[in-house]
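Below you'll find the structure, written out as structure tokens, and then a few comments.
When a ligand or atom number is given, it counts from 1 through the structure's own listing order. Computed from a prediction, not measured in an experiment: that's the story for all the values here.
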Amino acid sequence: MTATRRLVIVGGGHMGLAIIRGLLGGPAGPELVVVERSAARRELLAELDGLTVVAHLDLADGDFVVLAVPPQVFAEFADAERHRFTPGTPVLSVMAGLTAETIATALGTTQVVRSIPNTPSEVFQGMSVYHAGPQVSAETTAQAEALLGVIGRVLRVDREELVDDATAICGGGPAFVSYIVDAFCQFAAARGFGEAAGREMAVQVFGGTATLIAESGKPPMQLCHEVMTPNGTTERGIAAFDAAGLKGSILTALTAAAQRSRELARPHGPGCAVG
Ligand SMILES: NC(=O)C1=CN([C@@H]2O[C@H](COP(=O)(O)OP(=O)(O)OC[C@H]3O[C@@H](n4cnc5c(N)ncnc54)[C@H](O)[C@@H]3O)[C@@H](O)[C@H]2O)C=CC1
Ligand SMILES: O=C(O)[C@@H]1CCC=N1
């Protein structure tokens, strides 16, 4: 990223802030600027050392732009700001749904990398998936990959539509996992564990299992069966999952999320209003 003058992040919401926190905690890089239109949000962002917070976009040669506004406001943003972009302005979009072509056409730059990161980027445990088409230069691709690499792991895909599926798996994944962790915490609380103890157990089980899956290289269902002592306690629990169709529900949820990403590609289409 040596060629980059400033990293300009547009949108300092949940995802923008997770990226900013990750970048601020990583090795020294170019000047970091966030453009945020909400005054309350700017106040919160201003508490971070090493970050320049502004209300309005202003671009110069050498700036690398990260778009982290909701997809529903992108068209309005592009209408207001396209005059600041040149055909060579490098852009990394983290917006769900919107295709690189839509973004490139709206802003008048050919240099658009489309990605989907996730909130664990804040603690360097992100999982980002990106696509860079043939019109994107090697330099822009390398800058985008280097940025995402500071905040976690990065996977490049050669078909852009896979970014929609990765949006379900990686982008939304932390929400799906947190939802399940919450159920573990609820059970612990109902059985009389204090909140901290329930949280500690649940987090260590999820983190420990993720590490075990990664380090053992074993298929997840093999590890599942290694826990299921015949006629034991876990077998009873998995039978309850199967009876409730849990795995089917998870597949349905991932499919729905990926479908929503594809819907968001049509920002003015039915069902694409904010909220
Ligand atoms: N939250 C997440 O875990 C993930 C979000 N994303 C994507 O990141 C983007 C942002 O999502 P969130 O951070 O969750 O939303 P958010 O609503 O928390 O943040 C969006 C921020 O953009 C600001 N904003 C809106 N229009 C603006 C403009 N014209 N100029 C400057 N700032 C503007 C808002 O004030 C707000 O602070 C979305 O496109 C979403 O699809 C991608 C991956 C994961
Ligand atoms: O829910 C959303 O639309 C965004 C994209 C992936 C995670 N959050």
Practice problem: Select one of side chain, backbone, both or neither to describe which atoms of I116 lie under 4.0 Å from any atom of ligand 1, heavy atoms only. | Solution: side chain
Quiz item: Taking all atoms of both residues into account, what is the closest heavy-atom pair of M95 and P70, and its distance?
Solution: SD-O, 4.4 Å
Self-check item: Backbone N/O of L98 and side chain of R114: donor-acceptor pair under 3.5 Å
Solution: yes
Quiz item: Near T119, which atoms of ligand 1 are under 4.0 Å from a heavy atom of that residue?
Solution: 3 (O)
Quiz item: Going by the atom numbers of ligand 1, which of them fall below 4.0 Å from some non-hydrogen atom of V94?
Solution: 6 (N), 7 (C), 8 (O), 42 (C)
Self-check item: Pick from V69, V66, T167, V10: the one approaching atom 9 (C) of ligand 1 most closely through a non-hydrogen atom
Solution: V69
Exercise. Using a strict cut-off of 4.0 Å, indicate which atoms of ligand 1 neighbour a heavy atom of V73.
Key: 26 (N)
Self-check item: For atom 28 (C) of ligand 1, the option (of E76, R42, R37) bearing the nearest heavy atom
Solution: R37
Practice problem: Can you see which heavy atom on A257 is nearest to which on F176, and at what distance? | Solution: CB-CZ, 4.2 Å
Exercise. May I ask you to identify the nearest protein heavy atom to atom 22 (O) of ligand 1, giving residue, atom name and distance to one decimal place in Å?
Key: G11 CA, 3.6 Å
Practice problem: Around atom 10 (C) of ligand 1, find the nearest protein heavy atom and jot down its residue, atom name and distance. | Solution: A68 O, 3.2 Å
Quiz item: Within the side chain of R156, is there an N or O that forms a donor-acceptor pair under 3.5 Å with the backbone of A132?
Solution: yes
Exercise. Kindly confirm or rule out an N or O of R41 lying under 3.5 angstrom from an N or O of ligand 1.
Key: no
Quiz item: How does P71 reach ligand 1, if at all, at less than 4.0 Å between non-hydrogen atoms: by side chain, backbone, both, or neither?
Solution: both
Quiz item: Should E36 be counted as touching ligand 1, given the test is an N or O pair under 3.5 Å?
Solution: yes
Self-check item: For atom 11 (O) of ligand 1, the protein heavy atom that lies nearest, with its residue and separation
Solution: M15 CB, 4.2 Å
Exercise. Going by heavy-atom distance to atom 16 (P) of ligand 1, choose the closest among A166, G13, G16.
Key: G13
Quiz item: Heavy-atom distance to atom 40 (C) of ligand 1: which of A80, A78, A96 wins?
Solution: A96
Quiz item: What protein heavy atom is closest to atom 8 (N) of ligand 2, reported as residue, atom name and distance in Å?
Solution: G171 O, 4.5 Å
Self-check item: Spacing of L92 atom CG and S115 atom OG [to the nearest 0.5 Å]
Solution: 4.0 Å
Self-check item: Taking every non-hydrogen atom, the tightest pair across L59 and R6
Solution: CA-NH2, 4.1 Å
Exercise. Specify the protein heavy atom at minimum distance from atom 20 (C) of ligand 1: its residue, its atom name, and the distance to 0.1 Å.
Key: P70 CD, 3.6 Å
Self-check item: Side chain T109, main chain T89, donor-acceptor under 3.5 Å
Solution: yes
Quiz item: Can you name the closest pair of heavy atoms from T167 and A96 and give their distance?
Solution: CG2-CB, 4.1 Å
Quiz item: Can you check whether a protein heavy atom sits less than 4.0 angstrom from atom 5 (C) of ligand 2?
Solution: yes
Quiz item: Looking just at side-chain N and O atoms, do T99 and E160 make a donor-acceptor pair shorter than 3.5 Å?
Solution: no
Quiz item: For the side chain of E36 and the backbone of G12, is there at least one donor-acceptor N/O pair under 3.5 Å apart?
Solution: yes
Quiz item: Which of the atoms of ligand 2 are close to A96, meaning less than 4.0 Å from one of its heavy atoms?
Solution: 5 (C)
Self-check item: Test item: D63 side-chain N/O and A60 main-chain N/O as donor-acceptor pair under 3.5 Å
Solution: yes
Quiz item: Are there protein heavy-atom neighbours of atom 26 (N) of ligand 1 below 4.0 Å?
Solution: yes
